[in-house]
Number of protein chains: 2
Amino acid sequence: MLTSERKALIQQVLRQEGRLVAKDFSQKLGVSEDTIRRDLRELAGEGLLQRVHGGALPASSAVADFASREQVGSSVKAKLGQAAARMIQPGQIVFLDGGTTNVQLARHLPSDLKAVVITHSPSIAVELVRHPHVEVELIGGRLFKHSIVAVGATSAEAISRIRADLFFMGATGVHPETGVTTGDREEAAIKALIARQSAETIVLATEEKLGAASPYQIMPLSDIGTLVTVAGLPEETLRSFRSSGLALVEV
Amino acid sequence: MLTSERKALIQQVLRQEGRLVAKDFSQKLGVSEDTIRRDLRELAGEGLLQRVHGGALPASSAVADFASREQVGSSVKAKLGQAAARMIQPGQIVFLDGGTTNVQLARHLPSDLKAVVITHSPSIAVELVRHPHVEVELIGGRLFKHSIVAVGATSAEAISRIRADLFFMGATGVHPETGVTTGDREEAAIKALIARQSAETIVLATEEKLGAASPYQIMPLSDIGTLVTVAGLPEETLRSFRSSGLALVEV
DNA sequence: TAGTTTCGTGCAATATCGTGCAGAGTCAAG
DNA sequence: CTTGACTCTGCACGATATTGCACGAAACTA
């Protein structure tokens, strides 16, 4: 194990898990704690992470991320993302929608996965720069700032020329009757278009989105292939979704 | 075993395994460690891999790379960015290249500025989400991870349909004779194309880039409108640039 | 406050690095 | 064919980097 490899690994662990315990990590790698502590100190010196007693946390920007994750419970999103990342087969062409849940998905893609990821979200694109084997295809267009995705005719035209195996869609509402919905008309249109160009559409939904509805429908529930959500939801909520013929994955 | 064969093999191993240990590799090939180390040094000099203690890693996992670039002289870059931001008139259509200096530019755009910013860099796009009055047009394409910009035919086609007033270009080398250069052929082609579609091209160059040259020429010096650099450089360095007929702005 | 864990530093052992140098091979001019 | 310039390679050696251990200081926990 090369020193720089170890340091890269440390940063990867921090990105994916949000924290690192010096003792545990040294045992996992079979090196002394001193070595890990030294690495942490040096990385902290470069501003690449935040040193804390017992280990390390992600650096500044991600710190807020982690803090808010703890509060808002968006570690749920990390779990959803992790589960979704495992659904991707090597060599597949995957369309990743924008949104924080999909950022988590990107962050948890196995580092040895070879695949093509298409996205109209610059945030996702930046996140995927770190993945050595994932080829990224960026969809251009006018940037819709609220969701940080490209929309408009240019995007639509680029999307219409692409066929993907999977589409991981973000949405603000998933409701048995109104279907999958979002808060912007243009965004809804783009999402619908991407879904049409993809063999399977997968929706990742946290608890508060299930049963919620936003102004603009993207597609009816029946057009979704798989709905990924957290485990432990009331059976009553789930029943109405099950009857729509979609695969329900509980994490 | 020819030297060039060995070097090709080194790069292949790096692509396939993601790392190379000098000692092991020398034994495997039956040559001395010195020879391997020499190869690694030379390849690293050409930017084809990243030299680390004990061996080598692929050129740009871009991870620590970009992060560390962000660190290097970022206060200087911030000053350059600030000065460049003031060159933009309200209502103009501005093309922002990728790179850390341009990120600084984006960060320092006056918050009341109304303008259209076109970019093929997702990093820049994300940065501009914060600006309330700047409309962002994202250029899509295949993501070139080292520089974090979209390149390729798709990008070229999108760019060719756009006319901009200003183009803030990034480059790794600005030299009186070799002109403006960068380290990737495709990136150089894209930059040249953007410049052709723009009324004026402005280059932001930190001290270490002046007088430096990279493998691929984007354009001769004479095609640049304005060169923005830090103040206090030796007159000797500046003279050769002044004679090219470009406007020199010292910050 | 007392006990335990973690931290930082100094130190020694080991591994790796860079450089200078010499021998072997190649090639072209004489 | 010889000679000289050049390149590639391996070796020697001093310099530098990395690692684990020891030990006192600091931080955390009950």
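Every chain is numbered from 1, with letters handed out A, B, ... down the list of sequences. In this text, all values refer to a predicted model and were calculated from it rather than measured experimentally.
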- Find the distance between CE (Met169(B)) and CD1 (Ile218(B)) and round it off to the nearest 0.5 Å.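 Here the interatomic distance stands at 4.5 Å.
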At what distance, to the nearest 0.5 angstrom, does CG of Asp97(A) lie from OG1 of Thr119(A)?
->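 Reported to 0.5 Å precision, the distance equals 7.0 Å.
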On DNA chain D, more 5' by nearest nucleotide between Arg37(A) and Leu2(A) is Leu2(A)
Starting from [atom2] on [N], measure out to [atom1] on [X] and report it in whole angstrom.
| X | N | atom1 | atom2 | result |
| --- | --- | --- | --- | --- |
| His53(B) | dC17(C) | NE2 | P | 5 Å |
| Met1(A) | dT18(D) | CE | P | 15 Å |
| Glu33(B) | dC11(D) | CD | C1' | 12 Å |
| Leu29(A) | dT18(D) | CG | P | 16 Å |
| Arg51(A) | dC28(D) | CZ | P | 12 Å |
| Asp39(B) | dT16(C) | CG | P | 17 Å |
| Arg41(A) | dT9(C) | CZ | P | 6 Å |
| Lys23(B) | dT18(D) | NZ | P | 17 Å |

**Study point:** Counterpart residues, side chain to side chain donor-acceptor pair (under 3.5 Å), relative to Arg19(B) (two or more places apart)
**Key:**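 Arg19(B) satisfies side chain to side chain donor-acceptor pair (under 3.5 Å) with Glu5(A) once adjacent residues are dropped.
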Original post:
Any donor-acceptor pair under 3.5 Å joining the side chain of Arg38(A) to the base of dG8(C)?
Top reply: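 Absent.
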Quiz item: Does any N or O donor sit under 3.5 Å from an N or O acceptor when you compare the side chain of Asp34(A) with the base of dC21(D)?
Solution: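 Check passes, donor-acceptor contact within cut-off.
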Can [X] and [Y] be counted as an ion pair, charged N to O under 4.0 angstrom?
| X | Y | value |
| --- | --- | --- |
| Arg142(B) | Glu135(A) | no |
| Glu187(B) | Lys191(B) | yes |
| Glu42(A) | Arg6(A) | no |

*asked:* I want to check one thing: is the phosphate of dT9(D), taken as OP1 and OP2, less than 4.0 Å away from some side-chain N or O of Arg6(B)?
replied: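 Arg6(B) to dT9(D) OP1/OP2: side-chain N or O found under 4.0 Å.
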| dC8(D) phosphate, OP1 or OP2, under 4.0 Å from Thr35(B) side-chain N/O | no
Assess whether atom CD of Glu250(B) is packed by more than 12 heavy atoms of other residues, nucleotides or ligands within 6.0 Å.
yes
Check every strand shown and say whether Val21(B) touches a base, only sugar-phosphate, or nothing at a heavy-atom separation below 4.0 Å.
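Nothing: the residue Val21(B), judged by heavy atoms under 4.0 Å, touches no strand.
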Ranking dC21(D), dC7(C), dG10(D) by distance to the side chain of Val31(B), first place goes to dG10(D)
If each end axis of the helix from dT1(C)-dA30(D) to dG30(C)-dC1(D) is fitted on five C1' pair positions, the angle between them, to 10 degrees, is 30°
